[in-house]
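Reading through the structure tokens given below for one structure.
Small disclaimer: the values here were computed from a predicted structure and weren't measured. Numbers here are sequence positions counted from 1.
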Amino acid sequence: HVQLVESGGGSVQTGGSLRLSCAASGYSSNTFCMGWFRRVPGLEREGVAAMYTGGGSIFYADSVKGRFTISKDNAKNTLYLQMSSLQPNDTGMYYCAAEKGPGMTYFQALRVRSYNYWGQGTQVTVS
């Protein structure tokens with residue numbers, strides 16, 4: 001039974017940085033894909049970045065590549081999203097998600113429907 005809790009959101013000026021955290025429990029190491037998603041005003045929730053808890057593939061949406069970095073600390077059961085060069089259109093609610101099993105492709109890892117476990121979200125506002 002997976003539980004996810006996001007934190008680290010807030011308000012930041014254009015060009016600034018934020019680091020989001022996702023504290024996870026109830027999953028086995030090396031067997032889950034975990035991702036960050038966001039819902040920006042006027043758009044559907046979409047994938048930002050994802051990776052496997054056991055390492056290997058890392059996936060980024062084109063819109064954040066080079067600006068955002070996803071990472072993990074398995075000892076702390078925590079997933080991170082380091083966000084830099086933030087722009088106003090990065091504003092939105094950011095969610096952590098997890099799904100068991102290996103084998104996700106890039107498309108699957110950044111697709112909302114691929115995930116069964118979700119946190120409540122943390123708000124990011126860039127102005």
Side-chain angles (χ1 to χ4, degrees):
H1 185 73
V2 178
Q3 293 182 303
L4 307 171
V5 181
E6 302 96 334
S7 62
S11 297
V12 64
Q13 291 184 303
T14 299
S17 300
L18 283 174
R19 189 192 196 192
L20 307 183
S21 298
C22 173
S25 63
Y27 72 92
S28 300
S29 63
N30 304 315
T31 61
F32 272 74
C33 186
M34 299 187 67
W36 288 99
F37 294 76
R38 68 185 182 188
R39 187 168 190 169
V40 302
L43 298 176
E44 300 292 330
R45 189 182 304 187
E46 298 193 19
V48 174
M51 69 183 302
Y52 282 96
T53 56
S57 299
I58 298 177
F59 311 97
Y60 292 102
D62 289 343
S63 61
V64 306
K65 188 176 181 180
R67 298 190 298 123
F68 292 10
T69 302
I70 188 171
S71 62
K72 60 182 175 63
D73 185 337
N74 286 345
K76 297 181 179 180
N77 291 326
T78 301
L79 183 75
Y80 302 100
L81 184 68
Q82 178 66 49
M83 306 185 294
S84 300
S85 301
L86 285 163
Q87 301 298 313
N89 59 9
D90 292 315
T91 293
M93 185 71 74
Y94 283 71
Y95 300 87
C96 178
E99 180 61 33
K100 65 175 69 175
M104 282 198 191
T105 65
Y106 171 86
F107 177 78
Q108 291 170 325
L110 297 179
R111 185 172 64 182
V112 168
R113 292 182 179 180
S114 295
Y115 295 82
N116 286 319
Y117 304 101
W118 294 87
Q120 295 300 305
T122 184
Q123 178 68 34
V124 172
T125 302
V126 185
S127 61

- Item | Gap between atom CD of Q82 and atom CG of L20 - 0.5 Å precision |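 Atom-to-atom, L20:CG and Q82:CD are 8.5 Å apart.
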
- Working to the nearest 0.5 Å, report the span between OG of S71 and CG of L81.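 It comes to 8.5 Å.
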
N/O donor to acceptor pairs below 3.5 angstrom from side-chain atoms of residues 120-127, sequence neighbours left out:
unit_1, atom_1, unit_2, atom_2, d
T122, OG1, G9, N, 3.1
Q123, NE2, G92, O, 3.4

- Query: For residues 68-103, which residue pairs qualify under ring pair (Phe, Tyr, Trp, His ring centres under 6.0 Å), counting only residues two or more places apart or in two chains?
  - Reply: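 For residues 68-103: none.
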
- Task: Sort and list the pairs that fulfil salt bridge (charged side-chain N to carboxylate O under 4.0 Å, His left out) and have at least one residue in residues 71-87, not counting sequence neighbours.
- Result: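 Sorted pair list comes back empty.
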
- Do any pairs count as a salt bridge (charged side-chain N to carboxylate O under 4.0 Å, His left out) and have a residue in residues 39-58, sequence neighbours left out, and if so which ones?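 Applying salt bridge (charged side-chain N to carboxylate O under 4.0 Å, His left out) to every pair that reaches into residues 39-58, excluding sequence neighbours, yields nothing.
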
- Query: Which residue pairs pass the side chain to side chain donor-acceptor pair (under 3.5 Å) test with at least one member in residues 1-16, sequence neighbours excluded?
  - Reply: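 Passing the test, one end in residues 1-16: no pairs.
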
- Query: Under a single-linkage rule joining Ile, Leu, Val, Met, Phe, Trp and Tyr whose side-chain heavy atoms are separated by less than 4.5 Å, which residues share a cluster with F107?
  - Reply: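 Its cluster mates, by chain and number: none.
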
- Message: Under 4.5 Å side-chain heavy-atom separation, chaining through any Ile, Leu, Val, Met, Phe, Trp or Tyr, what else clusters with V40? Say none if it is isolated.
- Response: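 Besides V40, the hydrophobic cluster comprises L43, listed by chain and residue number.
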
Output a table of donor-acceptor pairs, distance under 3.5 Å, between side-chain atoms of residues 108-116 and any protein atom two or more places apart or on a different chain; print 'none' if there are none.
unit_1, atom_1, unit_2, atom_2, d
Q108, OE1, T105, N, 2.9
Q108, OE1, T105, OG1, 3.4
S114, OG, Q108, O, 2.7
Y115, OH, A109, O, 2.6
N116, ND2, E99, OE1, 3.0
N116, ND2, E99, OE2, 3.3

Show the atom names and distances, to 0.1 Å, of all donor-acceptor pairs under 3.5 Å that link a side chain in residues 55-66 to residues at least two apart or in another chain.
unit_1, atom_1, unit_2, atom_2, d
Y60, OH, I70, N, 2.9

- Message: Going by side-chain hydrogen bond (donor to acceptor under 3.5 Å, both in side chains), name the residues that satisfy it together with R67, two or more places apart in sequence or in a different chain.
- Response: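 With neighbours one apart ignored, the set is D90.
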
- Query: With A98, which residues qualify under side-chain contact (heavy atoms from CB on, under 4.5 Å), at least two apart?
  - Reply: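 Partners of A98 under the side-chain contact (heavy atoms from CB on, under 4.5 Å) test: V2, L4, F32, M34, Y117.
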
- Query: Quick one: disulfide (SG to SG under 2.5 Å) partners of C96, sequence neighbours excluded?
  - Reply: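 For C96, the residues satisfying disulfide (SG to SG under 2.5 Å) (neighbours in sequence not counted) are C22.
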
